[in-house]
Structure formats: C-alpha cells, structure tokens
Enquirer: 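Below is one structure. I have some questions about it.
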Amino acid sequence: MKKFSAIVIAAGRGTRMRSRTTKALHPVAGRPLLWYMLSLARRVADARVVVVIGHQADRVRAFLDQSKADFEPFDVVLQPEQLGTGHAVRQAQAVLMPNGKAASKHCLIVNADTPLLSRATVRRLLARHEKEKAVLTLLSTELPKPRGYGRVVRDETRQVLKVVEEADATRVERAIHEVNAGTYVVDTLFLFKALARVRAQNAQGEYYLTDVVGLAVAEGRKVVGLKTSDSLECLGVNTREHLAGVEEAVRHRIRARWLNAGVTMLDSRTTFIDDTVTIGMDTVLHPGVTLEGQTNIGSGCVIRSASRITNSVVGKAVTIQDSSVVEQAVVEDHATIGPFAHIRPGAVLRKQAKVGNFVEVKNTELGAGSKANHLTYLGDATVGKRVNIGAGTITCNYDGYKKDRTTIEDGAFIGSDTQLVAPVKVGRGAVVGSGSTITEDVPADALALSRSPQVTKEKWAARERADHSEKEK
Ligand code: UD1
Ligand code: CA
C-alpha cells in the first residue's frame, strides 16, 4: 500500500485579501500561491494528490490545466459551497477512499496559503508521524503575535489536546503562542470517519478540519504536535500584508538560489527575479533589474539598472544597458541593447546585433551583426546580416487598416532619417540615402534617394542679415 496521499485545500475565497481574484491565484514571485503548494504536495506524496477548489473554480481549474505538465498526476475536486476546511477535505473522500478502501495509509493535508513551507519540514512531519505511529501529526510554531491562527492546546504533560480557532478561544486559550500551521498528516481511514462527525457548531458556523484533532484525542488515539522553530515557514497568507511578507521572503530565497549559482547582484535587495526565471553563471545584475515570467538569461550577461525583461530568451554575453524593456523577445549571444531601448513581442535580435538609444523593435528580426543605434522604430521587418540602420529610421508598417512588412537584405545601408513605407524591400547591399521616403523596392546594390535635390544660394544669408539691420535703423 502506498504511504502518503496529499490534499491541498484551495476552495476558500480569501475574504481578507479584499480582491476580485480568489486567494489561491494571487501570485508570489510570478507564480500563484497554489502553485507552491501543489508543487510541494506532488514532490512529497507517493500516492494521489487532490486539489480541492471552489471559489472561482473555473479560473483555478484553468490554472491547474496549464500546470498539468508540471505536476501530473493530480486530481481536482469541487467544494461547491465553502463550508469550512473540514468540509473541504471531505470532498477528497471519493478520490482517496474509492469503494471505502484507503488509497494510501496516510494523508498529508495543506492549506493553499502557506507557500513558504519547505519540503524538508514536511518530510520531517511525515517521518515523525510514521515513527510515532500517530493517527494525526500536526505542524505548529510559536509566534510572538499569534493573532488570526488556531491555537494548539496542550495538557500539563505537553500532550496535544485540541486546536481551538481564535474566534472560539477563551481568554486563556488566546494567550497561547503555539499556533496551528494548517499542515497535518492523518491516518486516511481515521480522517474520513472523523470528518463525518465534525459539526459546524462554533463561532463561524463552519466545519473545522481542526476539530479532528480533538476527536482523535477523545478516542484515545495518538496525536503528535511537531513544533518548528522556523515560524516564517508557517506563515499563512490571509491579507495583502501577509502576501507582501511572503513575497519578500520568496524573492529572498530566489536571489540566494542564483547568487549560489554564480550570478552577481550589485544590490540584491532591489533585484526582482520571478521563480520562473533561469540565469547563467557570471551574469551581472545591476540595481533595480526585474526578470519576470518565462525568461532565460544566458551566462556572462550584463544587465544594467532599471531594466526589465519579461518572457524572453537572452543568450550569452549579452549587454543590456540601463532602463531598457525586453518583452517576449529572443536576444542571441553578444547582442547589445539600450540604454532606453524597447524590445517588444516578436523581436529577434541575432548574434552581435546592436540596438541603441531610444530604439523600438517589434515583431522584427534583426540579423547577425546588424545595428540600429539611435532613435529608430523597426516594426514588422526582416533585417538581414550586417545591415546598418541610420539614426531616426522608421518602418511605416501601418496604413491605418493593416500592417505590412519591410524587408532589408544583408549588407544594406539605410541612411539616417529614412522612412520605409511597407510593404517594401531593400535588396542586398543596397544604399538608401538619408532623408528618403522609400515607397518602392530597391534592387540589390542600388542607391535609392527620394529627397529633393539641395538648393544652395551663395551669400544669401549675409544679404538677409544686411537687409534686416537696414530696417532696424
Ligand atoms: C486555518 C486553520 C487554523 C490555522 C491556519 C493556519 C481551520 C479551521 N483553521 O485558519 O487553525 O492556524 O489555517 O494558516 O482549519 N478552504 C477551503 N474551503 C473552505 C474554507 C477554507 O478550501 O470552505 C481553504 C482555503 O482556501 C485555504 C485553507 O482552506 O487554503 C485555509 O483557510 P483559511 O480561511 O485561510 O483558514 P485560516 O482562518 O487561516
Ligand atoms: Ca489562512
């Protein structure tokens, strides 16, 4: 028989968050709270994992569908009305007790709102439960300010008697500093038998999972309380303040992970890295850098202050100068970007490409070694290798109705202040004179110029000045 199933209860609304989004979906370092708990459950359980959903079930289910590849197999059950944590766990009975037989000897139960809980601590809890042959083992911690948590009530021999919710606690009980972390291991058969006996006769009119503790004690079964000294791990997110605290702690852990993997951070406190990001060795992150979403940064890169990279792949030895934004883009090895550049979705900067000051690139491939160094917009363009795009070049990709493409072939030279009115193509090795408005294709190796010829009038300026000073007299 398998040893441990796991139940993640995530059906509650999270009223205290004051949000239109259900609590389990609130992100921490770029991943929903529920992600952390499901990840933990899936890694420690050898049997089934069940997620109980309810409030905003459709949204939560959509997230779970997306996460299938990461965490399969797991089951999802619905708690149609949120009648309490005990009621939530009961919804897993059909999955964990098919035909009245337990799918595993024990069951780990976790709330969806304790993302700092570590695998090591949960494994300790499981081991302790087995070693003590307990029917129920719960995780607790001492808090200087226990407000909001259920209190662990022990007798004079330090044996756990029950967990009492704050709303139901006497003054004496409220003075207890040992709190329930909301993480339990319970004998599966006992769990569902006991839950059937839980009543909602309490201050909140809910079916409390915590009542199972008292029921076990009343039956003379063995209950163990494992107290951890790492109370941060037990932090349950009920409010935005808690969420901010957890965010800070998770970010701190993520930074430690990358510092230990050989990444330099000049000001780690202002470096924001989502849990979804990977970073290569010897990359240097300057103050205020944000790396988010599905972003992979190669080794030996330098990313300077106040730059943000979202859902992008960045190769090796790439330099991103200050205050640049890179979104849904691919940047190959040795490319350089910025300062003040905006690399937008669909941009592909090939090896050693250069994008400089105040340049915007969207849905455009910029070939190897090509440069757009100043004040340029490249949208819906395909630019070949070793192309030079002069300052102030604009691809006019939108005619008010539809977008068209601009193609610039290898080795072409686009003079400064050029407009390329798409659809248009500049052939291999062609030169476009500066100040041109190009509306027709330019053949390979040709020169195209569209500005009017220069007019020069000798001595004109001097005569003007003389005229003016006459009049002023
Ligand atoms: C719970 C515990 C408390 C403990 C604390 C630890 C109970 C009765 N209380 O309180 O002893 O100190 O966690 O953080 O269990 N949920 C459902 N369905 C429901 C209600 C809740 O799935 O009907 C889920 C929530 O989505 C959440 C978890 O259960 O993930 C805990 O609910 P929450 O309301 O945060 O419980 P606490 O008041 O924090
Ligand atoms: Ca909670």
Side-chain angles (χ1 to χ4, degrees), residues 1-10 33-52 70-75 85-86 88-90 92-93 95-97 101-142 149-150 152 154 158-160 162-163 178-195 209-210 212-213 215-217 219 221-236 253:
M1 191 190 208
K2 295 215 165 145
K3 279 192 191 167
F4 298 106
S5 298
I7 307 171
V8 183
I9 48 174
L33 284 170
L34 180 54
W35 187 95
Y36 293 90
M37 302 317 290
L38 182 53
S39 166
L40 175 75
R42 192 57 280 172
R43 279 154 180 250
V44 297
D46 62 338
R48 305 183 79 150
V49 170
V50 185
V51 185
V52 183
D70 294 346
F71 299 123
E72 256 178 347
F74 62 87
D75 293 272
T85 50
V89 172
R90 267 194 96 171
Q93 184 163 353
V95 176
L96 297 181
M97 295 266 298
K101 281 208 200 115
S104 64
K105 177 88 180 74
H106 316 283
C107 228
L108 165 72
I109 305 167
V110 291
N111 289 350
D113 62 0
T114 51
L116 298 177
L117 191 63
S118 73
R119 250 177 288 157
T121 298
V122 171
R123 291 215 165 102
R124 266 206 299 141
L125 191 74
L126 301 178
R128 183 72 187 276
H129 179 79
E130 275 198 292
K131 188 168 156 243
E132 300 264 2
K133 297 194 168 50
V135 76
L136 187 154
T137 306
L138 69 91
L139 184 68
S140 73
T141 196
E142 293 270 344
Y149 289 87
V152 178
R154 295 184 186 250
R158 304 298 300 145
Q159 289 298 304
V160 174
K162 61 175 178 177
V163 171
E178 184 181 4
V179 301
N180 168 31
T183 304
Y184 325 79
V185 193
V186 193
D187 179 277
T188 309
L189 283 173
F190 169 81
L191 173 68
F192 291 108
K193 259 197 258 156
L195 281 175
L209 174 58
T210 42
V212 168
V213 178
L215 288 172
V217 172
E219 275 188 21
R221 311 288 296 266
K222 187 161 188 183
V223 173
V224 173
L226 175 69
K227 206 195 301 181
T228 172
S229 55
D230 187 349
S231 43
L232 193 62
E233 274 198 31
C234 301
L235 201 128
R253 283 185 189 174

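Worth knowing before you read on, the calculation uses all heavy atoms, side chains too, and leaves out hydrogens, waters and symmetry mates.
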Enquirer: Val89 versus Ile109: any side-chain heavy-atom pair under 4.5 Å?
Expert: yes
Enquirer: Please say which of Thr121, Val110, Asn180 ends up in a side chain to side chain contact (heavy atoms under 4.5 Å, CB included) with Leu139.
Expert: Thr121
Enquirer: Within a strict 4.5 Å, meaning less than it, do heavy atoms of the Val224 and His129 side chains meet?
Expert: no
Enquirer: How many angstroms lie between CG in Leu117 and CG in Leu235, if you round to the nearest 0.5 Å?
Expert: 11.0 Å
Enquirer: Looking only at atom types and distance, does a side-chain atom of Ser140 sit under 3.5 Å from a main-chain N or O of Glu178, one as donor and one as acceptor?
Expert: no
Enquirer: Working to the nearest 0.5 angstrom, can you tell me the gap between Leu191 CG and Arg90 CZ?
Expert: 10.5 Å
Enquirer: Could you check whether any side-chain N or O of Tyr149 sits under 3.5 Å from a backbone N or O of Gly236, counting only pairs where one atom can act as donor and the other as acceptor?
Expert: yes
Enquirer: For the residue pair Asp187 and Lys105, establish whether any side-chain heavy-atom pair is separated by less than 4.5 Å.
Expert: yes
Enquirer: Is it the case that more than 12 heavy atoms not belonging to Lys227 sit under 6.0 Å from its NZ atom?
Expert: yes
Enquirer: Do Glu132 and Thr137 have side-chain heavy atoms sitting under 4.5 Å apart?
Expert: no
Enquirer: Between Ile7 and Cys107, is there a side-chain heavy-atom distance shorter than 4.5 Å?
Expert: yes
Enquirer: Given side chain to side chain contact (heavy atoms under 4.5 Å, CB included), test Thr188 with Ser5 step by step and report yes or no.
Expert: CA-CA 9 Å; Thr188 309; Ser5 298; 5.6 Å; no
